[in-house]
Protein chains: 4
Amino acid sequence: MNIQLEVVSMEQMSDKKRAIFKSTMELVRENGFHGTPMSMVAKHAGVAAGTIYHYFESKEHLLRELFNYAQQQAVAVVERESTATIPFKECFFKLWTGLYTFYRDNQDLLRFFEQFVNSPYHTTMPPLAEDRFYTLLFAFFERGIQEGELKKVSPKILATLTHSSIISMAKMTASGRLHFDRKELQQIQQLLWDGIALDR
Amino acid sequence: MNIQLEVVSMEQMSDKKRAIFKSTMELVRENGFHGTPMSMVAKHAGVAAGTIYHYFESKEHLLRELFNYAQQQAVAVVERESTATIPFKECFFKLWTGLYTFYRDNQDLLRFFEQFVNSPYHTTMPPLAEDRFYTLLFAFFERGIQEGELKKVSPKILATLTHSSIISMAKMTASGRLHFDRKELQQIQQLLWDGIALDR
Amino acid sequence: MNIQLEVVSMEQMSDKKRAIFKSTMELVRENGFHGTPMSMVAKHAGVAAGTIYHYFESKEHLLRELFNYAQQQAVAVVERESTATIPFKECFFKLWTGLYTFYRDNQDLLRFFEQFVNSPYHTTMPPLAEDRFYTLLFAFFERGIQEGELKKVSPKILATLTHSSIISMAKMTASGRLHFDRKELQQIQQLLWDGIALDR
Amino acid sequence: MNIQLEVVSMEQMSDKKRAIFKSTMELVRENGFHGTPMSMVAKHAGVAAGTIYHYFESKEHLLRELFNYAQQQAVAVVERESTATIPFKECFFKLWTGLYTFYRDNQDLLRFFEQFVNSPYHTTMPPLAEDRFYTLLFAFFERGIQEGELKKVSPKILATLTHSSIISMAKMTASGRLHFDRKELQQIQQLLWDGIALDR
DNA sequence: AATGAATGAGAATTCATTCAT
DNA sequence: CATGAATGAATTCTCATTCAT
């Protein structure tokens, strides 16, 4: 089963399915997986418990599909930001900002993501190579290396470092522990760039 | 309630309590919080279900205490590595390697950590300032700034960036997706250092 | 929260709820509160354990609602017997007999009542003034005093004395220790009447 | 097993046993039988859980013995008050007041009594004839009949009526719902006397 | 498609009782 | 005698899932 195949865009989705997704994301954010019974999702989404089972085989399927759906959105951001026909450095900053903004503005999603990724559900997920999100990121950093902009380090490392910096900053903001203004954000990106860029 | 106060060192701990901690960590790694019933912990730890409740008020308390205990171990690493009387740069590499090695070699703990931090349990935890782990990290980076080794950026940012890089690399290793040799690890640390170090 | 408001008549009640009430009353009679696990109620009522929790929030709620329901039935008897447009004395005998018969013929209820009233559940019940059962009784005896049939004693005392005599006789009969024929019952009522009636 | 034989007077009892009895009575009053685990009794009585089992075979035995012990105290009151060599009527008032005062001043005991009597424990108790408390009461009322002071009604009825009036008044006082002054108490007794006394 | 009452397996927790010290 | 840690059966309650309407 290729998870990418099940993916449906927001527009094609029925109202109920969308409501179920939305409710699940919100509720899981607040209460976690186990703090979110199907009955709670049903109530919050304004549907009957049984209705959820028309759209999703089981709770696990709901969560997996929601994860795919959420990941798709992140993929869309990467696709949009990483393929601009602009100089690589500029594109790197654009990508960092784009993803950071996406996570910051979709905290339900970020939280759900983090929970899912660290849950046993995720362990049975397809391997990295098939993961479109990372595939795109890898390609992006590969390009940077090819263009002589980045140090000759495994793109996986570069991608992981960059993404983890984005996520951790977005979480920091989300937690309310720290707030960054535009200047600070640029500073952070610059730090990272200084680290990975090839000196010339 | 200061979470550090409840902490008891491994040696002072009763055998049963230690066994319960150990079993919980292992089982949660594999099955997650909700995939790990108390009965399973009991069986795995070789005690009766009721016995767990002599040591811990509830499942939530067990998990919280385990988190504190785990965090303490990480704190010990930071304490050990970040206070060496050696040049800051050297100390930075030592700290990075020390923490990375710790997480890599304690994958149960790492996994448990990540699950806990992203669970609703963690939202009700004490704020960052009281967190000894981050307090130590902040102080370390503060020192780097004072000594003119690091760029003048918020220590919180430096600490977060560094720690997230360590965690993400350890998780990458854990997942088996990627393996790093000594040289690559040094490369990664160097990247980071290049980013945060003050040019001279 | 006015306990009378929650009350639902037997007819409006779902079959399952009625069966649960009935089973609880019977089983509590025989085994007491703690001798009656929810699983036993479920089995006896022919429903699944979980079903009980559709109708009642918890065991405590079940018992409280059952008490209200039982009390309501006793109230109905008092209402019926105490409001007849007949001379007060006659009405007093009618009321005594009516309540006695009710308790004698509903021993499950009587037993449940006594257990509940002497349990910690009851201590958190609404005060006497809001208790429709006693309100009715008080009014009845007030009438007796007004009409010059009864001694000028607090209606609360008269009500308590009368009701305790009814209960104790019903329990005596229930225990099988003593059986009263019609003549003896009249004798007992006469005793009480002789005590409380105003001599003329 | 004759329950009277196990009875031990307060003085012969070990300190621990007395403490256990006292604690049980207090705790059961507040929390009921099931709200009072042995561990709670142990803690409250200042002994180890295991110690209770040196003195009592089981929780049920503890409760039964406590009931016997409590009943003994009530028996002592009846014995004291009902055997005075004074006119019957005077003795009746003395007995009523004595028992009422006893219950009013020993509310833990009264509450425990009522709980026990209405519990399944009591159903397996020895029959009425062997019950010293009621035996004494019956004899007392028998005497009243013999002496021509009371109507010719079964002494059981007279005893039950009288005792239930005492208990219900003591409970009323205990609940705080009603308070009686000396005059009112006399009034109540007089009512009862008027009811049961033979007109002459 | 939608409903939501009903199910029942499974989870957390309690507590009377035991027994090694 | 006294202790209290340990036991594990029993209990309350939850919740994913089903199915008759």
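Order of the sequence lines sets the chain letters (A, B, ...), proteins ahead of strands, with each chain counted from 1.
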Sugar-phosphate only, base, or nothing, as touched by F56(B) at under 4.0 Å among non-hydrogen atoms: nothing
In this structure, how many angstroms lie between the [atom2] atom of [N] and the [atom1] atom of [X], rounded?
X	N	atom1	atom2	value
K59(D)	dA10(F)	NZ	P	16 Å
E60(C)	dT11(F)	CD	P	18 Å
I20(D)	dC1(F)	CD1	C1'	12 Å
D15(A)	dA2(E)	CG	C1'	15 Å
F33(C)	dT11(F)	CZ	P	16 Å
H34(D)	dA16(E)	NE2	C1'	16 Å
M40(D)	dT17(E)	CE	P	16 Å
K43(C)	dT7(E)	NZ	C1'	16 Å

Earlier contact from the 5' end, DNA chain F, for V47(B) and S58(C):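 Closer to the 5' end of DNA chain F: V47(B).
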Position toward the 5' end of DNA chain F (nearest nucleotide), P37(A) or G46(B):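 The residue mapped nearer the 5' terminus is G46(B).
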Watson-Crick/G-U partner (both atom distances under 3.5 Å) of dT17(E): dA6(F)
Partner nucleotide of dA1(E) by Watson-Crick or wobble geometry (both distances under 3.5 Å):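 Its partner is none (no Watson-Crick or G-U wobble pair with both distances under 3.5 Å).
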Side chain H54(B) and base dA5(F) donor-acceptor under 3.5 Å: no
Chi angles and distances behind the salt bridge (Lys or Arg N to Asp or Glu O under 4.0 Å) call for R29(C), E114(C): CA-CA 10 Å; R29(C) 179 205 186 163; E114(C) 290 288 287; over 6 Å; no
Please determine, for the side chain of [X], which listed nucleotide ([options]) has the closest atom?
X	options	result
Y53(D)	dT3(E), dT17(E), dC13(F)	dT17(E)
T51(C)	dT7(E), dC13(F), dT3(E)	dT7(E)
M38(B)	dA12(E), dG4(F), dT3(E)	dA12(E)

Residues H54(A) and T51(A): side-chain donor-acceptor under 3.5 angstrom: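 Distance-only check fails for H54(A) and T51(A).
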Any side-chain donor near an acceptor of the partner, S58(B) and H61(B), under 3.5 Å: yes
Phosphate OP1/OP2 of dA6(F): any Y55(B) side-chain N/O under 4.0 Å: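 True: Y55(B) side-chain N/O within range (under 4.0 Å) of dA6(F) OP1/OP2.
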Member of T24(C), T36(C), I20(C), L27(C) meeting the side-chain contact (heavy atoms from CB on, under 4.5 Å) criterion with H44(C):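 Testing each of T24(C), T36(C), I20(C), L27(C) against H44(C), the sole residue satisfying side-chain contact (heavy atoms from CB on, under 4.5 Å) is L27(C).
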Pairwise 5' ranking along DNA chain E for K16(A) and E57(B), keeping only the more 5' one: K16(A)
F113(C) and F67(C) aromatic ring geometry - parallel, tilted or perpendicular at 30°/60° bounds: tilted
